[in-house]
Amino acid sequence: MPQALWIFDVCKRVTSSILVQNENILNAHWNTHSCQLAFCTGSNQIFFWTPEGCSCVPCGDENFTIFDLQWNPKGSSLMLLGDTSFVLSFTS
């Protein structure tokens, strides 16, 4: 599994960012309404990338492990999938 996520600017034909994590990156999904990428590593944190920078947001429950995530069709919230449950996360 990869621990680096390469983001390319296809219009300029250059590498825009390289995100290196301590843990394997399990899933990454683009927001369909903005230039925002969300990804998870099997921890209780959600990672976000935008052209302005990166951020890491912990899930409220320390015991919840995020294995997958999915944006809603409007791009205003994320469904975070654990092994036996899920959490809805709203972004602003």
Side-chain angles (χ1 to χ4, degrees):
M1 305 262 336
Q3 291 181 320
L5 184 64
W6 293 61
I7 300 172
F8 296 93
D9 185 328
V10 293
C11 295
K12 296 178 184 175
R13 298 183 200 168
V14 297
T15 303
S16 176
S17 297
I18 302 172
L19 310 174
V20 180
Q21 302 296 309
N22 290 330
E23 300 168 334
N24 293 331
I25 299 169
L26 300 180
N27 286 292
H29 293 279
W30 286 102
N31 185 331
T32 57
H33 291 277
S34 67
C35 190
Q36 183 178 37
L37 180 70
F39 62 97
C40 62
T41 62
S43 68
N44 71 329
Q45 300 174 351
I46 315 163
F47 299 90
F48 294 98
W49 175 89
T50 66
E52 290 77 37
C54 297
S55 61
C56 174
V57 179
C59 180
D61 184 355
E62 287 183 12
N63 298 318
F64 185 75
T65 303
I66 304 165
F67 293 109
D68 196 5
L69 47 87
Q70 185 68 47
W71 289 99
N72 78 334
K74 295 181 181 180
S76 59
S77 64
L78 280 166
M79 181 172 57
L80 310 175
L81 301 170
D83 55 348
T84 61
S85 59
F86 68 93
V87 172
L88 293 177
S89 172
F90 294 91
T91 61
S92 55

Supply the atom-to-atom distance [X] [atom1] to [Y] [atom2], rounded to the nearest 0.5 angstrom.
X	Y	atom1	atom2	value
Asn44	Ile66	CG	CD1	6.5 Å
Gln45	Glu23	CD	CD	8.0 Å
Cys54	Leu5	SG	CG	9.0 Å
Cys40	Ile46	SG	CD1	9.0 Å
Ser43	Asn24	OG	CG	11.5 Å

N/O donor to acceptor pairs below 3.5 angstrom from side-chain atoms of residues 77-86, sequence neighbours left out:
from	atom 1	to	atom 2	distance (Å)
Ser77	OG	Asn72	ND2	3.4

Problem set entry | Minimal non-hydrogen separation, Phe67 against Asn27, with atom names | O-ND2, 2.7 Å

For this session: Of all the heavy-atom pairs spanning Pro51 and Cys35, show the shortest one and how long it is.
Result: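 In this case the closest contact between Pro51 and Cys35 is CD-O, 3.4 Å.
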
Do you reckon [X] sits in the same ILVMFWY cluster as [Y], going by side-chain contacts under 4.5 Å, direct or chained?
X	Y	answer
Leu37	Trp71	no
Leu69	Phe48	yes
Phe47	Ile25	yes
Val57	Leu19	no

Exercise. With distance as the sole test, does Gln3 use its side chain to make a donor-acceptor pair with the main-chain N or O of Asn22 at under 3.5 Å?
Worked result: yes

Exercise. Can you pull the ring-ring contact (aromatic ring centres under 6.0 Å, His included) pairs that have at least one residue in residues 4-35, sequence neighbours excluded?
Worked result: Trp30-Trp49

